[in-house]
Protein chains: 2
Amino acid sequence: MSTKPKPPSADRALHLEQFLPYRLNVVGFFASRGLGRVYGTRFGIGIPEWRVIAQLGEFGQLTSRDIGELSQMHKTKVSRAVAELDKRGLVTRAENRADRREAFVALSAAGLRLYAQIVPLALAFEERWIEGISADELRVFERVLAVLTERGRHLAGAYQTEEA
Amino acid sequence: MSTKPKPPSADRALHLEQFLPYRLNVVGFFASRGLGRVYGTRFGIGIPEWRVIAQLGEFGQLTSRDIGELSQMHKTKVSRAVAELDKRGLVTRAENRADRREAFVALSAAGLRLYAQIVPLALAFEERWIEGISADELRVFERVLAVLTERGRHLAGAYQTEEA
DNA sequence: CCTGATTAGTTACATGTGAAACTAATGTCA
DNA sequence: TGACATTAGTTTCACATGTAACTAATCAGG
C-alpha cells in the first residue's frame, strides 16, 4: 500500500467501462443476482431474507438492530425480512425482558435446516466464481477490496446497504 | 492466474463478512451511493441518467440499445433515463432514417456542458477512493476484478444491470 | 421520580425497478 | 409479395425499497 506520485489529475478523459465505481457496481450486481438465483429459485427466499439467515446461522441469536449492522441493511429491510421469515416459521422472536424494546431473533429448527442446505450452495457458488484465480492474486484482491470498502463507507456517507 | 489445488470444499463454515459475493455487493453499493451524491445533490440527476450521459459523452451518438449494452442497463431503465434527459433538454433524439425503429441519442449543448462539469468530479471521486493504494496492487485488483466480472456475468445469467 | 431525548422496531407513502405485454418497424424466407 | 419472426423502444403492472412519521420502551439528568 505505498503511495505513488500521482499525475496532476487535471483533465483526463472518462471511460465508463474502466471507471472503478461503475465496475464495482456491476460486479456487485452480478454477485447479487447470481447468488439470488441459487437460493431464490430453490428456496423461494430473497436477498434480505438470505442475509438475515446467514447472520443468525453464524451468530445464533441477534436483535434486528444487530442484524442490520452486521449485514449492512436498512432497518426497514431487516424488519420486513424478519417478519417474513417469522411468518414462514424459519425464525423465532423472543422479547428481551431486560429491554422490552428489542427482541432476540434466532433460527428455528426449520430455519437451521434451511441454513444447512443453503450454506454449501453459497460456498460452491463462491468457489466456482473464483476458480482459477491464484491464491496470491486473490489475497491482494481481498486486501484492496477491504480498503475500498472501508473508504467507500465514508465516501458514501455510511448508513445502510443493499442486496447480496 | 495459476490454478491451485483446492480443498475438498466440503463443510466449511460461512462467514458473511468474508463471503465474496456479499463483499462485492456492499462495495458496489457504496460506489453507487457515494458517486450518486456527487452529482445527484449538485445536478439533480440519478445514476441511470449519469450513465447515459457518460456513454454519450464518450461515444457521441448512440441508440438506446447501444447505451443499454454499454452501460449494462435494462432497456426500460435506459428508456426512462433518456426520456428524462430529453425533457430537460440535455440530449437530442434523431430518428434513424435507415431504420425507423431506432433513434440516435446525443448530448445537446447543455448536455455537453453538464458532462464537462461532471467528469472532473467523477474522476476526483475515483482518485480519492483509490488514494494510497499502490499501482501494483491496483493492477492486480483490476485484473481479478475483470475476471470476476466476466465470470459473474455468466453465473448471474447475464442480462441487464443496475446503478453506479 | 419525572420530563425530554434517544433507541428498537413497525408502518405509510412515494419512488424506482424489472417482467411482460405492447406498438411499430424491419428482416426472413417461401 | 406476403405471412411470421425479430427487434427498438415504450408502457403497464406488481413489487421492493428508503424516507419519514410513528409507537413503545429506556435513558439522562434535574
Side-chain angles (χ1 to χ4, degrees), chain A residues 25 28-30 32-34 36-37 40-41 44-52 61-87 91 93-105 156-164, chain B residues 25-26 28-30 32-33 36-37 40-41 44-52 61-87 91 93-105 156-164:
Chain A
N25 197 76
F29 174 79
F30 288 151
S32 178
R33 172 132 185 167
R37 294 197 167 189
T41 64
I45 64 168
I47 280 139
E49 288 77 22
W50 149 250
R51 282 199 187 174
V52 170
Q61 195 185 55
L62 296 167
T63 65
S64 288
R65 205 194 80 83
D66 296 332
I67 295 170
E69 192 161 329
L70 286 166
S71 61
Q72 299 289 332
M73 291 199 294
H74 189 99
K75 64 179 180 174
T76 60
K77 215 184 246 181
V78 175
S79 175
R80 290 188 260 244
V82 169
E84 171 69 19
L85 293 172
D86 191 14
K87 204 175 67 184
V91 300
R93 285 198 260 201
E95 177 186 77
N96 176 7
R97 299 206 54 212
D99 183 344
R100 286 166 36 248
R101 285 172 301 185
E102 63 186 19
F104 294 121
V105 184
Y159 314 144
Q160 274 85 357
T161 331
E162 293 240 304
E163 11 241 67
Chain B
N25 196 77
V26 169
F29 174 79
F30 288 150
S32 177
R33 172 131 187 168
R37 294 197 167 190
T41 64
I45 63 168
I47 280 139
E49 288 78 20
W50 149 249
R51 283 199 186 172
V52 170
Q61 195 184 54
L62 296 166
T63 66
S64 288
R65 205 195 78 84
D66 296 333
I67 295 171
E69 192 160 330
L70 286 167
S71 60
Q72 299 288 332
M73 291 199 294
H74 190 100
K75 64 180 180 175
T76 61
K77 215 184 246 183
V78 175
S79 174
R80 290 186 261 243
V82 170
E84 171 70 19
L85 293 171
D86 191 14
K87 203 175 65 182
V91 301
R93 286 198 259 199
E95 176 186 78
N96 176 7
R97 299 205 54 212
D99 182 347
R100 287 168 35 250
R101 286 172 301 184
E102 63 186 19
F104 294 121
V105 183
Y159 314 145
Q160 274 84 356
T161 331
E162 293 239 306
E163 10 240 67

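By convention in this document, chain letters (A, B, ...) are assigned in the order of the sequence lines, proteins followed by strands, and residues within each chain are numbered from 1.
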What distance separates A/Trp50 CH2 from A/Ile45 CD1, expressed to the nearest 0.5 Å?
7.5 Å
Result for 5'-nearest mapping on DNA chain D, choosing between A/Arg97 and A/Thr76, is A/Thr76
At less than 3.5 Å, do the side-chain atoms of A/Arg80 and the base atoms of D/dG18 form a donor-acceptor pair?
yes
For a side chain to side chain contact (heavy atoms under 4.5 Å, CB included) with A/Val105, tell me which candidate from A/Leu62, A/Leu85, A/Val91 qualifies.
A/Val91
Backbone of A/Ser71 reached by a side-chain donor or acceptor of A/Arg51 within 3.5 Å
yes
Figure out the CG/C1' separation between B/Leu62 and D/dG9, and round it to whole Å.
15 Å
At under 4.0 Å between heavy atoms, what does B/Ala83 touch on the DNA or RNA strands: base, sugar-phosphate, or nothing?
nothing
Side chain of B/His74 only, please: which of C/dG18, C/dA21, C/dG9 is the nearest?
C/dG18
Starting from P on C/dA8, measure out to NZ on A/Lys77 and report it in whole angstrom.
19 Å
Which whole-number value in Å describes the distance from B/Asp66 CG to D/dA8 C1'?
11 Å
Starting at atom CD1 of B/Ile67, determine the distance to atom C1' of D/dT10, rounded to an integer number of angstrom.
15 Å
Just how far, in rounded Å, is P of C/dT7 from CZ of A/Arg65?
9 Å
Round to a whole Å and report the spacing from NZ of B/Lys75 to C1' of D/dT7.
8 Å
Separation of A/Asp99 atom CG from D/dT23 atom P, in whole Å?
20 Å
Which sits closer to the 5' end of DNA chain C, A/Arg101 or A/Ser79, going by the nucleotide each is nearest to?
A/Arg101
What's the CD1-P distance between B/Ile47 and C/dT15, to the nearest Å?
17 Å
In terms of side-chain heavy atoms of A/Pro48, which of D/dT26, C/dA25, D/dT17 is nearest?
D/dT17
Hey, could you give me the CD1/NZ distance between B/Ile47 and B/Lys77, rounded to the nearest 0.5 Å?
8.5 Å
Pair B/Arg65 + B/Glu69, salt bridge at N-O below 4.0 Å:
yes
